[in-house]
Each structure stands twice: as C-alpha cells, then as structure tokens.
Amino acid sequence: MKTDAVVLGAELDALVAALRLRELGHSVRVLNAGAGSLHYAPGGIHVLGYTSDAEPVRSPLERIEDLDERHPYRLVGAQVTSRALDWFFETTAAMGLDFRCNGSNITAIAPSGCSMPVYGPNDHQATRDTTDTKNVAVVRFRGHRDFPAGLAVSALTERGCVATLIEVDGPLRKTDTVTLAKAFDVMTESESYFADLKSRLPKEAEIVIFPAVLGLHRHRSVIEAAEHCLSLRCLELPTLPPSVPGMRLHRAFEARLQQDHVPIHTGARFNGAYTGNGRCDAVEDSMGRAHEGSVFLVATGGVLMGGLQVESSGQVHETNIGLEVFQTRPLERETVDQSLDALHRAGVETDSQLRARGNGSASLGNVFVTGRTLAHWNPASEISAEGVSIVTGWLAAQSAHDYLRG
Amino acid sequence: MVVIGGGATGCGVARDLTLRGCDVTLVEFDDLGSGSSSRFHGMLQSGARYAVSDTEYAAECARERETIVRIAPQAVETTGGLFVSLRDDPPDFADRFVEGCAQASIPCEELDPDRVMSEEPAISRDVRRAFTVPDATVHSWRLVNLLADDVRKRGGRVLTRHQVKGIVVDKGSVRGLKVAGDGRDYELEADAVVNAAGPWSARVAEMVGQDVELELTKGSIIVLAHRLVSRAINRCRPPTSHDIIVPTGTVSLFGTTSEVVDDPDTTQVRPSEIQALLEGAEPLIPGIRQYRALRAWAGVRPLVKPEQWPADTPLPRRHHTIDHKAHGVEGFFTVCGGSLSTHRSMAEDVADHVCRYFGINQPCSTACTPLETGSSQWRPAAAYERAEREQTFADMVCECEAVSRAEIDELIRDVGIGDLHDLRRRLRVGFGPCQGTFCGCRVAELLVAKHSELSVGRTLSGFWTERLKGGVRTAWGEQARQMLLSDAVYRETLGVRLGPDDLPKEDHR
C-alpha cells in the first residue's frame with residue numbers, strides 16, 4: 001500500500017494537511033486510531049486568546065511575535081499563519097460551514113457562562129456582542145445533563161440581559177447531546193415542534209439560545225427551520241463533550257476527503273516505523289501491514305489523544321515513529337498549573353518546515369509534525385488549539401509538497 | 001462543654017457527652033472529617049495488622065470493629081481482609097500472626113494460597129500462605145456526619161468553619177473558648193474543653209501553655225481506578241510501608257508511606273514518594289505501573305511516642321488521654337493517638353475523665369445506641385442498582401460515583417450546604433475516574449440555583465484545581481490523557497481560567 005503521503009491522526013491538523021496535500025495534487029492516505037479531539041471541541045476557531053503571561057489578546061496575528069521563539073506560531077511565522085487561516089475559512093465556507101471572523105478576537109459565551117475569546121466563532125454561536133442587553137430565552141431539553149443552562153442564564157442576566165430558562169422535551173425525548181442532534185437531523189414534524197416551543201417562549205424574547213445540538217449532518221437546514229418557525233434569531237451554546245459543533249467540522253472535512261478519494265482508515269494502531277538513511281519508508285500497523293509513503297505527517301494529537309505517551313517515570317515518548325521528544329518532567333512540577341503546562345509542552349521539536357528529528361537527533365527529512373504532538377505550546381492556557389492545528393497542518397502539507405517535488 | 005476538632009474522634013466525643021446529658025458544642029476549623037479522618041487508607045481495622053506488634057491494641061480494634069459495624073452499618077462495607085505471605089516475607093511471621101490473632105480474639109482462618117490467587121487475580125502469583133480476617137472499609141465522611149447529625153438531633157451544636165482563637169482560663173480553670181466564624185469573633189462559655197484536634201492538638205494545647213508530645217508521621221497513598229481486589233489485602237509481615245491495598249467505593253487505595261513531619265498541614269506528596277510507593281507495590285500487585293492511578297494524597301497521623309521507644313520501630317497506635325489538671329489547667333482534656341477504628345473507645349475514655357471531673361454518673365452508651373438514618377450496610381453499587389430499577393439515568397449527576405440530583409438538592413436545600421467541596425466529601429461526587437471533569441458544572445449549576453452570590457468561574461476553578469492537585473501527581477499512561485481531557489473541558493470549553501487567586505492553598509488551616 002503506497003501513497004505519496006501518509007497522514008497519521010484524526011486531529012484537525014491531520015484533516016487540514018490531508019486535504020491540502022490532495023489539493024496540491026498528491027495521493028494521500030489517512031490512518032488514525034479513533035475519533036480525534038474535534039469531538040471535544042466547542043466548535044469555534046480559537047487562534048490565540050491569551051499570551052503566555054495570561055494577558056488577553058485582541059488581535060492574535062499581531063501578538064505572534066510576543067510568543068516564545070520555539071512556539072509553533074513563531075516557527076511558522078505571522079505571514080504563513082495568516083495565509084493558512086485564510087485558506088481554512090475559504091475552504092470551510094465551500095463546505096457549507098460558516099464562521100464569523102473579523103480579524104480580532106470576539107468574546108464567546110462558554111456553557112458555564114464564563115467569557116472566552118474566539119477568533120472565528122460559528123455563525124450561530126452565542127457571543128457577547130450578539131446577546132448583551134437583549135431579551136433571551138435559553139432552552140434546555142429535559143434530562144440533558146451536559147448543558148448547564150442555569151449557569152448561562154445567570155451569566156446573561158449579569159450582562160444586562162433579561163434571560164429566561166425554558167425547559168422542554170427534546171425531539172423523541174432524547175437526552176444525550178449526540179442523539180439529540182441526530183433526532184433534529186431526522187425530525188419530520190419540525191413545524192409543529194417549533195410552534196409548540198414558540199408558545200412556551202416569553203413574548204418579549206428577541207433571541208433563543210439552544211444547546212449546540214441543532215442537527216449534526218443537517219445543521220444548516222435545522223437552524224433555518226427553527227428561525228423560520230420561531231421568527232426569532234436562534235443561537236447555540238456549546239455543550240460538554242461530545243461536542244456537536246466540533247463533530248460537524250470533523251465530518252465536513254471527512255466528507256470532502258472522501259469525495260476527493262482520500263481513504264481514511266480508522267482503528268489503526270501502529271507497531272512502529274521503518275526508518276533509515278535519514279528518512280522514513282513505511283509505518284507498520286498492528287496487523288503487520290506496512291503503509292509505505294514518500295512523506296509522513298504526524299498529526300496524532302499529543303498526550304491528549306495518545307500520540308505521545310507518558311511513562312510512570314515521567315518520560316514522554318512518541319511511539320508511532322519513534323521521534324525524539326522534548327522532555328518537560330510533568331510529574332515533578334510543583335503546582336497544578338505547572339504540571340498541566342508540562343504535559344502540554346512536551347512534544348516533538350522541529351525546524352521551521354515542521355520537519356522532525358529522529359531518535360539520537362538523526363534528521364528524518366520526510367517526516368513532518370503538527371498540532372498537539374509539537375512541543376512548546378499550551379492550547380488550554382493560550383486558547384489556541386484550532387489555530388495551531390490549522391496553521392501547522394497547512395504548513396506541513398506545503399513542506400511535504402516541496403519535498404515531494406524534490 | 002466544648003469539643004475542638006470535627007474528625008471522627010471529636011465527633012465521637014461530642015456524641016458520647018451528649019448522650020450522657022451534657023450540653024455540647026463542637027468546633028471545627030474546616031469541614032467535618034477534612035483532616036486525618038479522611039486521609040488514610042479507609043480501613044476499619046479488625047486489629048490483625050497489629051496482632052503481632054501490639055496485641056492489646058489489636059484486641060481493642062477487634063472489639064471496636066464489631067461495635068462500629070453494629071451501630072453504623074450504613075458507613076461500613078464488610079469486605080473482609082486478607083493477609084498474604086509472599087515468597088520473600090519472613091516465613092516465621094505467619095505463625096506469630098496466627099498466634100497474635102488468637103490472643104486478641106480476632107477470627108482468623110488460613111486459606112489455600114491457590115484459592116486466594118484465583119479469587120484475587122490482581123495480586124502476586126507468589127502467595128505462600130494466606131489468612132482471612134474480618135477487616136472492613138469505612139466511609140469516613142459518612143461516619144463523621146452520622147455522628148455529628150446525632151449530636152445535633154440530641155440538642156448539641158456543631159460549628160464548622162470556626163477557628164479557635166484562644167482558650168479562656170481564669171484562676172487555673174477553663175471558662176470558655178474564643179472563636180472566629182460566621183464572619184465574627186465571639187466567645188463560647190464552657191466549663192470544660194476537650195481537645196480532639198488530631199495532628200493539630202499540640203497547637204491547641206499550646207494556647208494554654210500545655211505540652212502535648214506528638215510524633216506526626218505523614219502517610220501517602222495512591223488511588224487506583226477500579227476495585228482491583230475484593231478484600232483489603234495486607235502483606236503478612238511486620239507492619240511497615242507499602243504493604244496494603246484497600247478496595248473502597250469505586251477505587252482501590254494503595255499505601256502507605258511513613259515520614260516524620262513537623263507541620264500537621266503537610267499534605268503534599270513528593271514525586272519520590274510516588275516512585276517509592278510504586279516500587280513497594282510491585283511485589284504485591286505486579287504490573288502496578290500499567291494500571292491507571294487516579295491521584296495521590298497524604299494525611300498526617302498524630303501518634304504518641306512513648307519514652308525510650310526504640311528508633312526504626314513503628315510507633316504504637318494506642319491512644320492517650322490527658323487531664324491537664326495535673327499540669328495546672330482544670331477542665332482541659334486532650335485525647336490523642338489512636339485511629340479512626342478506635343475513635344469510639346477513645347471518646348469513651350476521655351468522656352469518662354470529663355464526667356468524673358464533674359461528678360456525672362452516667363455510663364457511656366455509644367456502643368449500644370445505633371446511629372440512625374438508614375440501617376443497611378454501605379454498598380457502593382446500591383445507587384447504580386436504584387438508577388437501573390427506577391430508570392433515572394438522566395438524574396445521575398456524577399456517573400462515576402452514582403450520585404443523583406435528588407441527593408445533591410437535598411443537601412443544598414435541607415442541610416444548607418453551600419460549597420462544592422462539602423458536597424464532594426458527603427457524596428463522593430467527583431471522586432471517580434473522571435475526577436470531576438463532567439459533573440463539576442452540573443453540581444455548580446445546582447449550587448448556584450440556591451446560592452446566587454457564588455462566582456461560577458471561581459467555584460469551578462476551585463473545585464477543579466482541588467481535584468487536579470492529586471491527579472497531576474499520577475499523570476502517566478491513561479491518566480495523563482484524562483488530566484488533559486479535563487483541562488480541555490474546563491479551560492477550552494467551560495472557559496475557566498487558572499489564576500493565582502483561584503489556586504487552592506496547599507491546606508488552608
């Protein structure tokens with residue numbers, strides 16, 4: 001089984017890199033172990049919310065120079081970051097996913113009611129600027145535990161909204177996030193459902209906020225139906241994982257890759273890689289099959305998704321290819337904050353083309369590393385997960401393309 | 001009368017005195033059972049552990065275990081215990097162990113090692129001899145709250161989050177207690193003060209110039225996901241570190257270490273202690289490094305060191321009661337040493353002293369007066385069975401520990417609990433494999449509905465960092481992923497920030 005490029009992982013960076021490589025004319029195969037962290041992601045595009053000193057960021061692209069020089073954004077540079085993000089928003093718009101993006105961070109509302117900076121919220125994501133001082137009805141589906149609507153209501157009230165909590169039965173009386181979303185997908189009597197809901201809303205309501213379960217596959221038509229029947233602006237607030245907006249993004253990319261004849265093998269585990277002469281020739285899966293390629297992209301999601309493994313001694317390993325890992329000693333840190341930071345920052349160090357180094361620092365010229373598997377960044381303190389994934393996925397594809405062209 | 005300390009001993013003393021007709025107020029700095037009473041391996045000792053080293057104390061444990069099972073079955077799970085001799089354990093110890101158990105009247109039966117190894121697949125394949133004893137596990141927070149509820153029901157007062165500022169002594173006799181709590185400083189009148197503050201009791205005694213000689217030893221414990229064993233299992237060798245695993249709730253506790261410390265607030269577990277625990281566990285639980293460890297924590301044992309006790313010998317567990325009249329303060333009593341397993345007899349002993357001092361002729365009745373509310377034995381699976389029977393999964397707020405919305409609402413509404421940590425201690429919410437990742441904001445929502453003054457961000461970050469404090473110490477393998485999933489939920493989805501103000505202090509006493 002040989003393709004030009006083998007992409008390991010199910011992360012956003014894996015999807016971006018695979019699609020970009022295909023666009024650049026290469027044959028691509030994606031191998032991954034499971035669903036990928038987009039299934040936990042609240043769905044907006046977070047590029048950089050805070051500096052390393054926890055200072056809020058207004059314009060992410062202007063603050064890249066302030067980051068540690070080893071940070072992935074610094075490796076990539078502001079210009080490439082900007083191009084990659086432009087590509088992403090154009091590409092997703094063509095897939096039917098709309099993000100609202102004006103080049104600066106927007107304040108989104110987290111399901112806890114806390115504020116969160118987001119660079120590109122989903123088109124129908126509730127943000128401060130769309131809800132402040134309005135009359136808002138927050139809908140909770142009965143039995144849906146992963147949406148703390150009461151917290152959202154009190155936070156909205158604090159911001160000058162008149163906020164009312166409305167509890168109704170979900171379609172088919174579903175109570176879990178994903179089954180609720182799927183029930184909306186297949187709902188045939190949506191007019192009577194939303195008409196019934198409308199009768200429960202306060203007359204003064206200007207906006208209705210739902211948990212982000214308004215359709216998984218048919219989100220756009222579900223939300224159009226809701227707005228049409230209620231004659232009100234309908235917005236969504238993210239839920240706890242699994243998170244439907246993240247899944248929509250994942251599915252949109254998968255559908256596009258399938259359309260472009262990129263095979264995606266899910267459930268793959270790896271025994272290791274065949275490396276030598278400064279390059280990787282193949283990875284072997286747990287069934288003993290060799291997947292050969294001219295370039296390999298490691299988008300395996302770091303410690304969170306199992307792309308990096310932490311031993312009980314505190315050593316961190318990259319097990320798929322056997323790449324050298326920058327060690328941060330996560331078990332020896334004093335505070336919670338430092339321990340988490342060390343878990344995030346452990347990872348593979350690369351050059352500015354995102355080319356990895358193998359064990360013993362022997363360079364592997366055809367292996368490129370992206371996303372959470374890269375060292376020196378912290379998506380949770382920076383609020384930067386999607387941004388770094390998109391930008392490093394895009395650049396890794398570009399670097400791999402340059403390599404393939406010789 | 002005032003009792004200082006809301007652990008098992010303090011609550012036990014308050015109950016004992018209340019049952020004898022005294023007017024009692026209990027003062028606790030933090031929440032009930034937040035000190036050493038909850039920071040141990042959770043075993044209700046049959047006494048077998050001390051059968052060789054201290055037969056008299058072992059016999060006291062044996063009697064007390066029976067008593068506690070009788071009066072508070074709802075806080076006890078009678079798992080049973082095993083003592084196993086491995087290849088490297090001293091072979092003669094097993095015979096001395098059997099002899100010691102017989103002397104202390106602890107039922108002990110030798111089992112076929114092959115049968116034990118098939119019943120307990122997680123333990124070593126090198127079991128040479130095995131003995132079963134009636135060890136049990138105790139839900140310590142449930143026990144202290146049952147004791148405190150009983151005190152309240154009988155007219156006593158229980159003041160939590162009250163700090164002792166001073167003890168008022170007039171002409172050599174105790175007159176009262178200065179406390180700070182409920183946002184004010186005030187004085188409680190008292191004819192007698194009982195100091196049952198565990199590892200903090202030396203500090204309390206110091207307030208009236210009294211010396212209480214304690215040796216504080218820190219014990220660290222690793223929490224492993226799942227019940228890896230069905231009974232509390234000890235190595236059959238002289239009691240030492242790293243030799244016991246106890247199944248409790250949905251987890252197993254492995255411990256413990258022993259290290260002399262100066263400060264009763266030392267609850268930090270050092271990385272080297274974790275490595276020592278893992279290494280020490282390997283002979284009993286082979287492959288322990290491959291299991292998922294949820295967290296690690298430490299508690300401080302307040303032991304009394306007898307004069308001329310040989311070094312390197314574990315200190316005796318027996319308790320001491322001091323009537324400070326002999327040292328110039330009348331009406332001041334200290335009870336120290338001992339353990340949760342013997343808290344009731346400790347309480348009886350000090351209450352006897354107090355009653356003798358006042359000429360009260362009421363005998364102790366704690367051993368024959370059951371603690372009310374619920375009578376069946378504590379079974380961790382009971383709540384899951386109920387949810388299945390009544391089809392109430394949507395009401396399950398904490399799936400890991402099967403805590404329902406109704407239980408939480410009741411504590412918030414009827415008992416007036418306004419703190420996530422206090423709910424956690426009473427219900428075990430957030431104790432399971434996800435360590436509060438999913439239930440944190442569900443509980444916060446129920447709490448904020450009643451206490452609108454709470455800051456959601458603060459409440460969540462306080463709860464979360466407290467859960468992570470122990471979790472990051474064992475963040476390897478799958479647990480490392482769990483910590484980052486938790487981080488993704490709290491910071492990347494719920495928008496909680498970790499600021500210096502939000503970080504809980506190591507211990508805020």
Side-chain angles (χ1 to χ4, degrees), chain A residues 37 40-42 46 50 54 108-117 142-146 148-151 154-155 175-176 238-241 243 302-306 308-316 329-340 342-344 372 379-381 383 385, chain B residues 268 270-272 274-275 278 288-290 293 393-397 399 405 437-442 444-446 448-449 452 456-457 460 464-469 471-481 483-500 503-504:
Chain A
S37 68
Y40 314 149
H46 304 87
Y50 298 90
I109 305 169
S112 61
C114 295
S115 294
M116 258 188 90
R142 203 160 280 128
H144 185 207
R145 286 173 296 179
D146 289 331
L151 297 182
S154 56
T175 56
D176 288 326
T239 64
L240 290 183
S243 174
V303 173
L304 174 66
M305 300 311 293
L308 299 172
Q309 286 179 6
V310 187
E311 280 189 13
S312 61
S313 65
Q315 282 277 318
V316 184
R329 302 178 172 276
L331 302 180
E332 294 163 32
R333 301 290 152 171
E334 195 126 316
T335 67
V336 165
D337 199 7
Q338 291 163 352
S339 305
L340 291 174
L343 284 172
H344 285 296
R372 291 181 193 256
S381 69
I383 308 293
Chain B
Q268 179 91 270
R270 291 192 317 277
S272 60
I274 305 262
Q275 295 302 326
L278 291 174
I288 190 165
R289 288 173 188 273
Q290 310 306 316
F393 301 106
D395 288 330
M396 194 106 73
V397 172
E399 291 103 329
R405 191 190 159 122
T437 301
F438 290 86
C439 61
C441 72
R442 298 175 188 159
E445 187 185 2
L446 297 174
V448 169
S452 55
V456 174
L460 282 175
W464 179 50
T465 46
E466 175 62 40
R467 294 285 74 204
L468 290 191
K469 216 165 71 181
V472 294
R473 300 274 161 254
T474 57
W476 62 81
E478 291 300 297
Q479 185 61 9
R481 299 185 62 187
M483 290 290 97
L484 290 192
L485 173 62
S486 195
D487 201 5
V489 168
Y490 275 83
R491 287 201 279 186
E492 296 182 59
T493 298
L494 294 173
V496 169
R497 298 292 296 164
L498 276 177
L503 289 174

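Reminder, nothing fancy here: chain letters follow the sequence lines and each chain counts from 1.
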Euclidean distance, B:C441 SG relative to A:L151 CG, rounded to 0.5 Å: 6.5 Å
Top contributor to chain B interface from A:P330, A:P241, A:A385, A:A342 [non-hydrogen pairs under 4.5 Å]: A:P241
Atom of B:E445, atom of A:P148 and distance for their closest heavy-atom approach: OE1-CA, 3.2 Å
Which portion of B:A449 sits near chain A, non-hydrogen atoms under 4.5 angstrom: neither
Contacting moiety of A:I383, where chain B heavy atoms sit under 4.5 Å: side chain
With sequence neighbours excluded, residues passing side-chain contact (heavy atoms from CB on, under 4.5 Å) with B:D395: B:T392, B:R405
Which atoms of A:P117 approach chain B - backbone, side chain, both or neither, heavy atom under 4.5 Å: neither
Side-chain (B:R270) to main-chain (A:E332) donor-acceptor, under 3.5 angstrom: no
Spatial distance of atom CG (B:L484) from atom CE (A:M305) [nearest 0.5 Å]: 11.0 Å
B:E492 versus chain A, the contacting section by heavy-atom distance below 4.5 Å: both
Closest-packed option against chain B by number of heavy-atom pairs under 4.5 Å, given A:C114, A:S37, A:G113: A:C114
Shortest non-hydrogen contact between B:W476 and A:L331, atoms and distance: CE3-CD1, 3.8 Å
Chain B interface, residue from A:Q309, A:Q315, A:H144, A:E311 that has the most non-hydrogen pairs under 4.5 Å: A:E311
By side-chain contact (heavy atoms from CB on, under 4.5 Å) - contacts of B:S486 (at least two apart): B:T437, B:W464, B:L468, B:Y490
Winner by heavy-atom pair count (cut-off under 4.5 Å) against chain A, out of B:R481, B:Q275, B:E478, B:M396: B:R481
Proximal component of B:L485, with respect to chain A [non-hydrogen, under 4.5 Å]: both
Contact class of A:R372 relative to chain B, heavy atoms under 4.5 angstrom: side chain
Residue, of B:A293, B:A488, B:G495, that accumulates the most heavy atom pairs under 4.5 Å with chain A: B:G495
Chain B contacts, top residue of A:S154, A:G314, A:S381, A:S339 (heavy-atom pairs, under 4.5 Å): A:S381
Test item: A:R145 side-chain N/O and B:R442 main-chain N/O as donor-acceptor pair under 3.5 Å: no
B:R497 charged N/C atom sitting above A:Y50 aromatic ring, 6.0 Å / 45°: yes
From A:L340, A:L304, A:V336, residue fulfilling side-chain contact (heavy atoms from CB on, under 4.5 Å) relative to B:D487: A:L340
Most chain B-contacting option - heavy-atom pairs closer than 4.5 Å, from A:S243, A:P111, A:A54: A:P111
Option that, when pairs with chain B are counted at under 4.5 Å, heavy atom only, ranks first among A:L308, A:L343, A:D176, A:T175: A:L343
Among B:Q290, B:R289, B:Q479, the one residue meeting side-chain hydrogen bond (donor to acceptor under 3.5 Å, both in side chains) with A:S312: B:R289
Atom group of A:R142 that falls short of 4.5 Å from chain B, counting heavy atoms: neither
Contact summary for A:D337 and B:L498, nearest pair of heavy atoms: OD1-CD1, 3.7 Å
B:L494, part contacting chain A, at a heavy-atom distance under 4.5 Å: both
